[in-house]
Number of protein chains: 2
Amino acid sequence: MKLQQLKYIIEIEKHHFNISLAADALFTSQPGVSKQIKLLEDELGCLLFLRSGRKLTGLTETGFKIMCYAKKILADVSNIYTISEEYTSPEKGQLNIVTSHTQSQYSLPCVIKRFNAKYPKISINIHQGTPLQISNTIRKGEADLAIATEALHLYKDVVMLPCYHWHRSIIVPKTHTLATTKTLTLHQLSLYPIVTYQFAFTEGSPLDITFSLSGLTPNVVFTATDADVIKTYVKQGAGVGLIASMAITKKDADSFHIIDVSTLFKPSTTCICIKKGTFLRLYMYEFIVLFAPHLTRDIIEKAMHLSDEHSLDKLFSCFTLEVK
Amino acid sequence: MKLQQLKYIIEIEKHHFNISLAADALFTSQPGVSKQIKLLEDELGCLLFLRSGRKLTGLTETGFKIMCYAKKILADVSNIYTISEEYTSPEKGQLNIVTSHTQSQYSLPCVIKRFNAKYPKISINIHQGTPLQISNTIRKGEADLAIATEALHLYKDVVMLPCYHWHRSIIVPKTHTLATTKTLTLHQLSLYPIVTYQFAFTEGSPLDITFSLSGLTPNVVFTATDADVIKTYVKQGAGVGLIASMAITKKDADSFHIIDVSTLFKPSTTCICIKKGTFLRLYMYEFIVLFAPHLTRDIIEKAMHLSDEHSLDKLFSCFTLEVK
DNA sequence: AGTCGTTACGATGCCCGTAAGGATA
DNA sequence: TATCCTTACGGGCATCGTAACGACT
């Protein structure tokens, strides 16, 4: 067995079992890839791929299990390279973050500024994505850390480190009928068309639960991944905007009437998510502690070794998180 | 990086940084090994081994971290081979068990008989060892499972699956002054020389704690790993024997006076220990369930994914273990 | 006919083992 | 002087890429 063969089978799976595409992605010839997977199958004495005729169509049961370990192995190989980079050039490196628009626009900039001052040679890449994209990216090891609010609890191979709580606000144009209101009930809110984030009202989400517990149905007319887009539509009179309070700038106070609804909805918690078993470089720990001061290296390392939510909750029970 | 290079560095560490010995163990030439580790160090751009002159003397800090991942990688490689064997020849294979003398002599034989009837083609290897040897063997992945009573709680990379509780008995020659006694106090026991298992009274052990809580000091004159040896010495009048009740055969009732001391000492728990992340073959699950009927595949898989003792305790809280 | 995978073949390059050299105790 | 690691060199083998072939859509 060779590491290269494991790389090959992973790439083949990634390209939906098209060997030619996989070979291209691996910058090698297609017959070479074919031959190597054949050699691997011969050595192991079993087929890894299902075939119809000559084409590969999927993984066998054995192939699936082996693929899981192959991914683990390559992740660890990549960890070894990371360790050596940490040693050879501690100041250089990359920091790949995948997160939502709100984070990258409103909460990350000042952290990145401070981080950049300390580590000017680290190149920072920020990828934006939907919750689903975020979770996939982090699970594939394509980003070092994710900053997300929900939806990653499900996976055992990802740790969630709670960073801070945040509340929501309603924004309406200054000319809106609600423009004089200071407080709002859930019932009142349900009477207006709502413009908010994508996925904010997916089944089982905190907002969805709050509404259904009171027997009300929100009237969501438009969703975006982007608070700025929501603001634009609200300005045009598309509906009342329901966004994170931290996405409201000083300038927005001129354009909108803002109603704090932190009493209506439970606060959400923003978390840093890391794939378990990943070797983190010193500067990554530094970045995290800049983002959330209570997440010291010690705490992070402890959290990464825990398995269930219960132990995590216990670990973080002694912290009072900042509210934004 | 190649898998072979990782094998080489692991073997070098295993042989106390003697490249020549490592090369012998790997059935290859010494210069070949030298060259490969040099290539690896060049590729990673950092030294893995400390050197004094030309000799290797130890691991660098980086080397140590990399070694950890190298071991993980090779363990997963070996898991892949195991998976393919499971597919190609489900009934063939090996079952390597490392355990204490008491288990292998008194509790395993009947399980192995039943197992062998079901899987005649699996060759079973039983290694005996001291608690320390047992834990090392399982952590190095040199055995599939360990059956042990204590001392493996410490390691995060090993799961402990509780199997049954067991009690202790005192044995004395029929001519002994205690030969007419049916019950015994801790104080009485402390007045006699004791012959028992090695490590039974190491600091922090259940027996040690029981004695020190009552302010008494046991007088241990002789220890063995082996209940049979203990019996021999007790027969010769060396002292009173303190052994597991399950190590007492019908025949022993003729030679010894037996006093049950289950009221004096808390019962101990025998556990099956498995290295986390190991792929277990079907027959291994079968063996375990024969040994402890409550340890079904489902339960074992759950336990192997848990990290802390607390969650494990919770998982097993619904079972009432057999007492032997 | 076009896409995709297999087989065949020649060249490159890597790895291994032997042999010789140097350092250290 | 014995042990142990490094360097040097030649042979063998695995891998790679090109090219031609076969199967399926």
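The figures that follow rest on heavy atoms only: side chains count, while hydrogens, waters and symmetry mates do not. Chain naming here is simple, since letters A, B, ... match the order of the sequence lines and numbering starts at 1 in each. In this text, all values refer to a predicted model and were calculated from it rather than measured experimentally.
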Partner of A:Y8 by side chain to side chain donor-acceptor pair (under 3.5 Å), out of A:E11, A:Q5, A:Q4: A:Q4

For B:E142, salt bridge (charged side-chain N to carboxylate O under 4.0 Å, His left out) partners two or more places apart: none

Donor-acceptor pair between A:Q30 and A:S20 side chains, under 3.5 angstrom: no

Atom pair distance, as rounded to whole Å: CD in A:Q36 and C1' in C:dG5: 15 Å

Whichever of B:L39 and B:P31 has its nearest DNA chain C nucleotide further upstream toward 5': B:L39

Contact residues, residues 22-29 of chain A to DNA chain C [heavy atom, < 4.0 Å]: none

Stretch residues 53-61 of chain A: residues that reach within less than 4.0 Å of DNA chain C through a heavy atom: A:R54, A:K55

Phosphate OP1/OP2 of D:dC4: any B:S20 side-chain N/O under 4.0 Å: no

Atom-pair distance (CG on A:L40; C1' on D:dA14), nearest Å: 15 Å

d(CZ, B:R51; P, C:dA25) in whole Å: 16 Å

Under-4.0 Å salt bridge between A:D157 and A:R139: yes

salt_bridge(B:D42, B:K38) N-O dist < 4.0 Å: no

Proximity of B:F287 and B:Y283 rings by center, below 6.0 Å: no

Sugar-phosphate, base or nothing in reach of A:F49, heavy atoms under 4.0 Å: nothing

Short side-chain N/O contact to C:dT3 OP1/OP2 from A:N18, under 4.0 Å: no

First encountered from the 5' end of DNA chain D, between A:Q5 and A:Q30: A:Q5

Note: A:K121-A:E91 ion pair, threshold 4.0 Å (strictly below): no

Residue that, paired with B:Q198, satisfies side chain to side chain contact (heavy atoms under 4.5 Å, CB included) out of B:V220, B:T225, B:D226: B:T225

Value in whole Å for how far the P atom of D:dA14 lies from CG of A:D42: 13 Å

Nearest-angstrom distance from the residue atom NE2 of A:H15 to C1' of C:dG5: 17 Å

Between C:dC16 (P) and B:I19 (CD1): distance, integer Å: 14 Å

Ionic contact status for B:K72 with B:D76, cut-off 4.0 Å: no

Integer-rounded Å distance: D:dC9 P and B:K35 NZ: 11 Å

Phosphate OP1/OP2 of C:dC14 contacted by B:Q4 side-chain N/O (<4.0 Å): no

Length of the line joining B:K7:NZ and C:dC16:P, which is rounded to integer Å: 11 Å

